[in-house]
*Asks:* 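Got a structure for you, written out below as structure tokens; questions coming shortly.
Order of appearance sets the numbers: ligands from 1, and atoms from 1 within every ligand. The model shown is predicted, which means the values in this text are computed figures rather than measured ones.
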Amino acid sequence: MSDELSPHIERLERDGCTIVRDAFDVATADALHADIDRLERELNISTGGNGFEGRATTRVYNLLALGEMYEQIPVHPVVLSLMHHMLGQACLVSSLSAITIHPGEVAQPIHADDQVIPIPKPHAPVTANSMWAITDFTEANGATRIIPGTHRAASSPVYGQHYDSVCAEMTRGSILVWDGGLWHGGGANTTDAKRRGVAMNYCSGFIRQQENQQLGIPLDTARRFSPELQDLCGFGVYKGLIGHIDRQSPSQRLLDPESPSGMLWDRT
Ligand SMILES: O=C(O)CCC(=O)C(=O)O
């Protein structure tokens with residue numbers, strides 16, 4: 001394990017989260033900010049119509065289908081190494097979305113991202129997520145609220161109940177990384193400016209992705225992805241077994257007929 005990763009891994013194990021500071025540069029933050037403004041405008045994105053997505057929060061889903069600049073996000077070297085540590089080498093992109101909390105938004109209910117998965121808790125992570133700070137994240141503008149240590153709890157939070165939490169403040173260019181079992185939620189925005197983040201969520205290779213990447217990403221777009229990103233999007237076959245169709249990988253079937261199937265059975 002590298003010196004750069006070990007303090008993050010210690011915090012992930014102890015607290016269930018860590019912040020990778022100065023993980024991307026200000027020019028990237030500016031470019032992502034401007035492009036998310038463009039997408040919100042062109043796609044006519046309106047605020048969420050429910051208490052979870054946020055009545056004063058806008059979300060742009062399926063970002064890998066919407067612009068080449070989003071392709072750098074799933075493969076961020078430090079974050080991806082932490083995901084490999086938590087979820088295994090064959091982890092997947094579960095979803096990639098922009099979350100903009102507008103002035104006046106109230107705090108999102110505290111939840112765990114894995115709470116729909118019916119495995120008795122506590123368990124090893126099967127989902128793990130990250131939040132790229134495109135603007136500064138402050139207590140006042142709605143920085144993500146977390147309850148350290150709750151990734152080891154024996155249950156998920158009760159939806160809508162108040163819990164004491166702390167605020168994951170970070171400057172833009174930082175990335176909050178957490179175990180999918182951690183209790184957390186978006187904060188209230190009491191300022192007059194937007195809080196914008198990009199939520200890059202991952203899962204183990206053997207469970208379903210939250211956003212269906214093989215349906216969501218146009219095949220011509222997926223064809224130009226690096227092999228690493230194609231695998232992350234689920235175009236491979238987990239351990240040579242899970243996700244094949246008639247002994248072919250989704251990649252072989254949809255992207256490149258010459259790519260190897262890698263079926264486990266052929267190795268026996
Ligand atoms: O926006 C945030 O800070 C957290 C959002 C979140 O946890 C979610 O929507 O699941």
*Asks:* With a 4.0 Å cut-off on heavy atoms, does E53 reach ligand 1?
*Replies:* no
*Asks:* I'd like to check which ligand 1 atoms, numbered from 1 as shown, lie under 4.0 Å from a non-hydrogen atom of M131.
*Replies:* 1 (O), 2 (C), 3 (O), 4 (C)
*Asks:* Hey, are R172 and D30 close enough for a salt bridge, meaning a charged N less than 4.0 Å from a carboxylate O?
*Replies:* yes
*Asks:* Measure from the ring center of H151 to the ring center of W183 and say whether it is less than 6.0 Å.
*Replies:* no
*Asks:* For D113, take its heavy atoms, then give the atoms of ligand 1 lying under 4.0 Å from any of them.
*Replies:* 10 (O)
*Asks:* Could you tell me which atoms of ligand 1, counted from 1 in the order shown, lie closer than 4.0 angstrom to a heavy atom of R59?
*Replies:* 9 (O)
*Asks:* Rounded at 0.5 Å granularity, tell me how far CD1 in I101 sits from NZ in K194.
*Replies:* 13.0 Å
*Asks:* Is ligand 1 less than 4.0 angstrom away from at least one heavy atom of F52?
*Replies:* yes
*Asks:* I'd like to know whether CZ of R208 has more than 12 heavy-atom contacts from other residues, nucleotides or ligands below 6.0 angstrom.
*Replies:* no
*Asks:* May I ask you to identify the nearest protein heavy atom to atom 7 (O) of ligand 1, giving residue, atom name and distance to one decimal place in Å?
*Replies:* H184 NE2, 2.9 Å
*Asks:* Between Q108 and H184 (side chain of the first, backbone of the second, donor and acceptor by atom type, cut-off under 3.5 Å), is there such a pair?
*Replies:* no
*Asks:* One thing to verify: whether D179 and R152 come together as a salt bridge, which I'm taking to mean a side-chain N less than 4.0 angstrom from a carboxylate O.
*Replies:* no
*Asks:* Name the option, out of R195, R196, E105, Q108, that contains the heavy atom nearest to atom 8 (C) of ligand 1.
*Replies:* Q108
*Asks:* With atoms numbered from 1 as shown, which atoms in ligand 1 lie under 4.0 angstrom from a non-hydrogen atom of I99?
*Replies:* 1 (O), 5 (C)
*Asks:* For ligand 1, is H111 a contact, meaning one of its heavy atoms is under 4.0 Å away?
*Replies:* yes
*Asks:* Could you report the tightest heavy-atom contact between P109 and G160, atom names first, then the distance?
*Replies:* CB-N, 4.2 Å
*Asks:* Identify the closest protein heavy atom to atom 4 (C) of ligand 1: which residue and atom is it, and at what distance?
*Replies:* G186 N, 3.7 Å
